[in-house]
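What follows is one structure encoded as structure tokens, with my remarks underneath.
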Amino acid sequence: MSFQNPVFIPGPTNIPEVLRKACDMPTIDHRSPLFGQILHPARDGVRQVLKSDAAEVFIFPSTGTGGWETALTNCLSAGDKVLAARNGMFSHRWIDMCQRHGLDVEVVETPWGDGLPADRYAEILAADNAHQIKAVLATHNETATGVRSDIGAVRRALDAAGHPALLFVDGVSSIGSMDFRFDEWGVDVAVTGSQKGFMLPAGLAILGFSARAMEATKTATLPCTFFDVHDMAKGYANNAYPYTPAVGLLNGLNLSCAMLLAEGLENVFARHHRIAEGVRAAVAAWGLDLCATAPELYSDTVSAIRTPKGFDATRIVTHAAETYGVAFGVGLGEVAGKVFRIGHLGSLTDVMALSGIATAEMCMADLGLDITLGSGVAAAQDYYRSNPARTMKAAA
Ligand SMILES: *Cc1c(COP(=O)(O)O)cnc(C)c1O
């Protein structure tokens, strides 16, 4: 008997059985054409998930954080100016990485719970006549606050100013779960990892580079070795890596992309939206607020839920783990103790979501919050019953 419950953290996600098996494979020669039969389809699959025709896809043995470093160190030089908003823990950590690399970050402080201030970006870019800003950073989905930002609006801000800065987008908790349009939004570097929308174990940093980003790599001087995309591109040309690739994870990624594309990206996004709407119906029934300040910001992959003033939200997470063997996400940074997070991305069904909602209710009632057992579950059930799933394929 396994007592494994689904996890409700916003990554790593639950792993479909077929993907676990795909990652578990015998050793092959990672400099052989056989390896190329895994690597190249995986890169093609990622390109399609990014909605790009021509992005150069690079996959490093690393995590999303290594993806940030790949973007910065390949495209920028010490002292370069970059523009970034801080509206949560992940945007904060990317800014911190820029500063540690000697970049000059213009930080737009933004309330946690708000989206990227594209209008402020537009003003700052329009005022930068000398084009000193070399890159604009954007966190598509701020996982700490459950806020989705409008990347198209950031692109429009750049275009309206006629500004040539590169657009770097952290899509770690959105790509493969929420609509992401690399080509349409004019993204120059997109960053993600294997353990969120791709439903795999952690271990891969996954990136798309535009032609302009590749051009920028030729003059950038920040040091990079392990994350050098030119070394990587040379390796790929020979069905290889500059070092030992994570073959099992790449095999999993190849299959993960095939699964997402077979379901249909729009169906994948609709599934995430539907499940998220059920969770949000439950939160409303509990009389609680989301950290995200407006409906257009609501994330379809994670909900950060504010608990009543004076109550330490982290207790819900600790109690759920100790009493029910269920994992929720804690609040991070500025919202530590103020929110708990329900992750609803990756391999998840409405039925699984209902179990998470029911568990959150038990925890809140156990800890003395004024919650009627079944209230959130009933609200989510109502939503799921009146909004049937668009696709109902045999669970993988
Ligand atoms: C998870 C996450 C990261 C960090 O990724 P790691 O794989 O843990 O390094 C970065 N940005 C966002 C938005 C995330 O959700």
Side-chain angles (χ1 to χ4, degrees), residues 7-15 46 50 58-73 84-98 100-101 110 112-116 136-151 154 167-180 187 189-208 226-227 246 249 252-253 256 272 276 291-292 297-304 327-336 339-346 348:
V7 294
F8 298 96
I9 47 178
T13 63
N14 299 294
I15 305 174
V46 169
L50 293 175
F58 297 106
I59 306 164
F60 292 88
S62 182
T63 70
T65 305
W68 288 342
E69 189 154 331
T70 303
L72 302 181
T73 57
R86 174 163 29 220
N87 66 336
M89 198 61 188
F90 292 93
S91 43
H92 165 71
R93 285 174 46 201
W94 205 5
I95 289 167
D96 175 56
M97 179 185 276
C98 289
R100 293 199 214 181
H101 278 89
T110 304
W112 289 37
D114 283 0
L116 288 185
V136 175
L137 270 51
T139 301
H140 184 205
N141 188 71
E142 189 28 276
T143 318
T145 56
V147 165
R148 171 197 351 219
S149 287
D150 184 350
I151 303 302
V154 178
L167 175 56
F168 294 171
V169 181
D170 173 345
V172 180
S173 62
S174 58
I175 290 168
S177 310
M178 298 183 341
D179 198 7
F180 190 94
V187 175
V189 180
V191 176
T192 188
S194 49
Q195 79 276 24
K196 299 200 183 173
F198 289 108
M199 307 171 285
L200 295 165
L204 298 177
I206 300 165
L207 295 109
F226 186 84
F227 290 122
L249 282 171
L253 181 62
S256 167
H272 281 82
C291 183
L297 301 174
Y298 292 168
S299 164
D300 285 338
T301 58
V302 54
S303 295
F328 296 110
V330 295
L332 302 172
E334 262 183 38
V335 291
V339 307
F340 75 103
R341 294 176 300 154
I342 300 183
H344 34 78
L345 75 164
L348 204 68

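In each ligand, atom 1 is the first atom listed, and ligand 1 is the first ligand listed.
Near Thr63, with a cut-off below 4.0 Å to any heavy atom, the atoms of ligand 1 are 6 (P), 7 (O), 9 (O). For ligand 1 and Ser173, the ligand atoms under 4.0 Å from any heavy atom of the residue are 13 (C), 15 (O). Numbered from 1 in the order shown, with element, the atoms of ligand 1 that lie under 4.0 Å from a heavy atom of Thr143 read 12 (C), 13 (C), 14 (C), 15 (O).
Under a 4.0 Å heavy-atom criterion, Glu142 is not in contact with ligand 1. Ligand 1 lies out of reach of Gly193, whose nearest heavy atom is not under 4.0 Å from it. Distances shorter than 4.0 angstrom do not occur between any heavy atom of Arg93 and any atom of ligand 1. Contact between Trp68 and ligand 1 is present, with at least one heavy atom of the residue lying under 4.0 Å from the ligand.
Cation-pi contact between Lys196 and Phe90: present, with separation from the ring centre below 6.0 Å and deviation from the ring axis of at most 45°.
Considering Asn141, Thr145, Ile342, Leu345 as possible partners of Val302, the one that fulfils the side-chain contact (heavy atoms from CB on, under 4.5 Å) test is Asn141.
Of the possible donor and acceptor atoms, one in the side chain of Thr301 sits under 3.5 Å from a partner among the backbone N and O of Ser173.
At the top of the distance list for atom 14 (C) of ligand 1, counting protein heavy atoms only, stands Lys196 NZ, 3.0 Å. Remark: minimum distance from atom 8 (O) of ligand 1 to any protein heavy atom is reached at Gln195 NE2, 3.7 Å. Atom 11 (N) of ligand 1 has Asp170 OD2, 2.6 Å as its closest protein atom, hydrogens excluded (heavy atom only).
Between Asp114 and Val147, every side-chain heavy-atom pair lies at or beyond the 4.5 Å cut-off.
Considering backbone and side-chain N/O of Thr65, one or more are found under 3.5 Å from N/O of ligand 1. Residue Phe90 has no N or O atom closer than 3.5 Å to an N or O atom of ligand 1. Any N or O atom pair closer than 3.5 Å counts here, and Thr139 shares no such pair with ligand 1. At a 3.5 angstrom cut-off on N or O pairs, Asn141 does not count as close to ligand 1.
Ring orientation note: the planes of Phe60 and Phe226 are tilted relative to one another, at an angle of 30° to 60°.
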